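Please read all numbers here as calculations on a predicted model, not as lab measurements. In what follows, residues are counted from 1 in the order of the sequence shown.
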Amino acid sequence: MKKYKKIAYIILIVVVAVLSILLYENISKGNEQDQKEKSFSEIEFLEEKLIGLFNTMNNIQTRNYTISIEKITKQAKNQKEESSSSSSNSSENDNSSNGNSDKNSSSSDSTATSGSDNAIQDSQKFDLRQEGVLTNTDEINWDNVKNDIEILYASIPTITLDLYQLNINQEDILNFNKEFDNLAVVAKEENKEATLSELAKLYEYMPKFMNIATEDEVTKTLIQTKLYILQAYSKLGAKPWEEITQNTRQGIEEYSKLLTSTNVDSKKQYSVNKVYVMINELQNAAQIQDEAVFLIKYKNTLEEMKDIV
């Protein structure tokens with residue numbers, strides 16, 4: 001009897017040990033998956049912010065209209081209304097000027113006070129203003145660029161720790177952080193070409209990080225394609241058109257993987273095909289060596305890419 005009890009205890013211990021191992025493995029896999037999802041979101045966040053900075057360098061808006069705000073004082077509004085009715089009121093004022101002289105005198109103080117109040121009570125006029133590459137002549141808003149970079153600095157330590165936990169190459173993480181410091185330096189100096197160059201160097205790490213953070217081949221291909229397009233975009237100031245054309249050609253070659261990929265959602269196949277045409281048109285813009293045409297097609301291509309993932 002004792003022998004059977006001993007065997008039962010041994011079996012129970014083995015079962016508990018096996019269940020504990022399985023439970024630990026499941027928890028570890030769950031934690032690893034949660035960490036991947038968190039890092040993936042953070043890389044997406046970084047990628048979006050970098051593209052936003054790229055666009056700011058040429059005042060490219062992702063929407064076709066912006067809201068302009070004009071402040072109008074109530075006093076100015078009243079003056080406009082009064083000027084339109086002054087002619088009709090002048091004859092009446094002449095006829096009643098003698099009879100109302102005492103009344104006007106007594107109300108002068110209140111009129112002055114109300115005029116002061118009107119000057120303070122302002123209103124705003126909102127207008128939709130169409131924005132486009134060909135019509136945009138605004139200078140770079142360097143204050144916004146510097147503020148965006150400084151805000152990103154607050155997120156870098158957390159993202160760095162999460163990337164370490166994802167077992168991404170430590171040297172790549174450290175080099176990314178160094179390049180981000182370089183970006184801050186050239187942005188502070190308000191050097192457009194150097195800023196674009198640093199942004200392109202930073203974006204080179206996005207495919208490296210994304211290759212570890214996700215198994216989605218469509219996302220990986222899109223990020224790598226955008227890298228080539230952004231490398232071409234970053235060189236528009238110096239205009240080495242042969243290099244720009246080469247970068248767009250690399251983008252076409254990379255993106256063409258999606259045309260035959262079984263990972264693409266059939267509902268998004270039209271957008272996939274459309275973007276392929278648009279990247280080819282981007283290369284045509286590089287070949288005719290026109291910066292404005294390139295920027296228009298660049299903007300439209302990146303916007304259309306958003307519909308694929």
Nearest-0.5 Å distance that lies between atom CG in L50 and atom CG in L183: 8.0 Å
Decide yes or no for I156 and N177: does some side-chain heavy atom of the first lie under 4.5 Å from some side-chain heavy atom of the second? yes
Parallel, tilted or perpendicular: which one describes the rings of F176 and Y205, with boundaries at 30° and 60°? perpendicular
D172 side chain vs I168 backbone, donor-acceptor pair below 3.5 Å: no
Between N58 and I60 (side chain of the first, backbone of the second, donor and acceptor by atom type, cut-off under 3.5 Å), is there such a pair? no
Taking all non-hydrogen atoms of both residues, which atom of W241 and which atom of E291 are closest, and how far apart? CH2-N, 3.9 Å
Do other residues, nucleotides or ligands put more than 12 heavy atoms under 6.0 Å from K208 NZ? yes
To the closest 0.5 Å, what do you measure between CZ (F209) and CD1 (I159)? 9.5 Å
Please walk me through it: do Y255 and Y228 pass ring pair (Phe, Tyr, Trp, His ring centres under 6.0 Å)? CA-CA 10 Å; Y255 186 83; Y228 293 130; over 10 Å; no
Please name the pair of heavy atoms, one in M57 and one in L199, separated by the smallest distance, quoted to 0.1 Å. CG-CD1, 4.4 Å
Hey, does L166 have a side-chain heavy atom less than 4.5 Å from the side chain of F40? no
Supply the atom-to-atom distance I252 CD1 to E254 CD, rounded to the nearest 0.5 angstrom. 12.0 Å
Step-by-step side chain to side chain contact (heavy atoms under 4.5 Å, CB included) determination, M210 to E47: CA-CA 10 Å; M210 203 59 95; E47 193 255 351; 5.8 Å; no
Where do I51 and K226 land on the side chain to side chain contact (heavy atoms under 4.5 Å, CB included) test, with the steps shown first? CA-CA 10 Å; I51 289 180; K226 282 195 273 188; 4.1 Å; yes
Quick one: do E204 and K201 make a salt bridge, cutoff under 4.0 Å? no
Using a strict 4.0 Å threshold on nitrogen-to-oxygen distance, state whether E193 and K235 make a salt bridge. no
Does the S261 side chain pair with the main chain of K257, one donor and one acceptor, at a distance under 3.5 Å? no
How close do L295 and Y233 get, counting heavy atoms only, and between which atoms? CD2-CE1, 3.4 Å
Let me check something: do V264 and V277 share a hydrophobic cluster, defined by ILVMFWY side-chain heavy atoms less than 4.5 Å apart, either directly or through other members? no
Would you call I229 and M305 a side-chain contact if the rule is heavy atoms closer than 4.5 Å? yes
Could you tell me if the side chain of K268 sits less than 4.5 Å from the side chain of D307, heavy atoms only? no
Would T248 and I279 satisfy side chain to side chain contact (heavy atoms under 4.5 Å, CB included), going step by step from the backbone distance to the final call? CA-CA 7 Å; T248 55; I279 300 175; 5.5 Å; no
Does any part of the side chain of K299, heavy atoms only, come nearer than 4.5 Å to the side chain of N55, both counted from C-beta? no
Might you point out which heavy atoms bring S39 and D162 nearest each other, and give the distance in Å? OG-O, 3.5 Å
Honestly curious: do F180 and L174 fall in one hydrophobic cluster under the side-chain, below-4.5 Å linking rule? yes
Run the side-chain hydrogen bond (donor to acceptor under 3.5 Å, both in side chains) test on Q250 and N247 for me, step by step, so that the C-alpha distance in whole Å, both residues' side-chain angles and the decisive distance to 0.1 Å come before the verdict. CA-CA 5 Å; Q250 289 174 305; N247 289 141; 3.1 Å; yes
Measuring from atom CD of E217 to atom CG of L258, what distance do you get when rounded to the nearest 0.5 angstrom? 10.0 Å
Min side-chain heavy-atom separation D148-K49 under 4.5 Å: no
Rounded at 0.5 Å granularity, tell me how far CG in N147 sits from CD in E150. 6.5 Å
Greater than 12 external heavy atoms within 6.0 Å of Q165's CD: yes
Ignoring hydrogens, what is the shortest heavy-atom contact between K220 and T214? Give both atom names and the distance. CE-O, 2.9 Å
Whether over 12 other heavy atoms sit under 6.0 Å from K239 NZ: yes
Using a strict threshold of under 4.0 Å (side-chain N to carboxylate O), is an ion pair present between K36 and E215? yes
Step by step, would you call N144 with T56 a side-chain hydrogen bond (donor to acceptor under 3.5 Å, both in side chains)? CA-CA 9 Å; N144 284 348; T56 303; over 6 Å; no
I'd like to check Q289 versus I244 (side-chain heavy atoms, cut-off strictly below 4.5 Å). Are they in contact? no
From CA spacing to verdict: side chain to side chain contact (heavy atoms under 4.5 Å, CB included), F45, L152: CA-CA 10 Å; F45 167 78; L152 271 175; 3.6 Å; yes
Identify the heavy atoms of L259 and N273 that sit nearest to each other, and give their distance. CD2-OD1, 3.6 Å
Would you call K297 and M278 a side-chain contact if the rule is heavy atoms closer than 4.5 Å? no
Can you tell me how far the CG atom of N284 sits from the CZ atom of F294, to the nearest 0.5 Å? 11.5 Å
Answer yes or no: are there more than 12 heavy-atom neighbours, outside K146 itself, under 6.0 Å from its atom NZ? yes
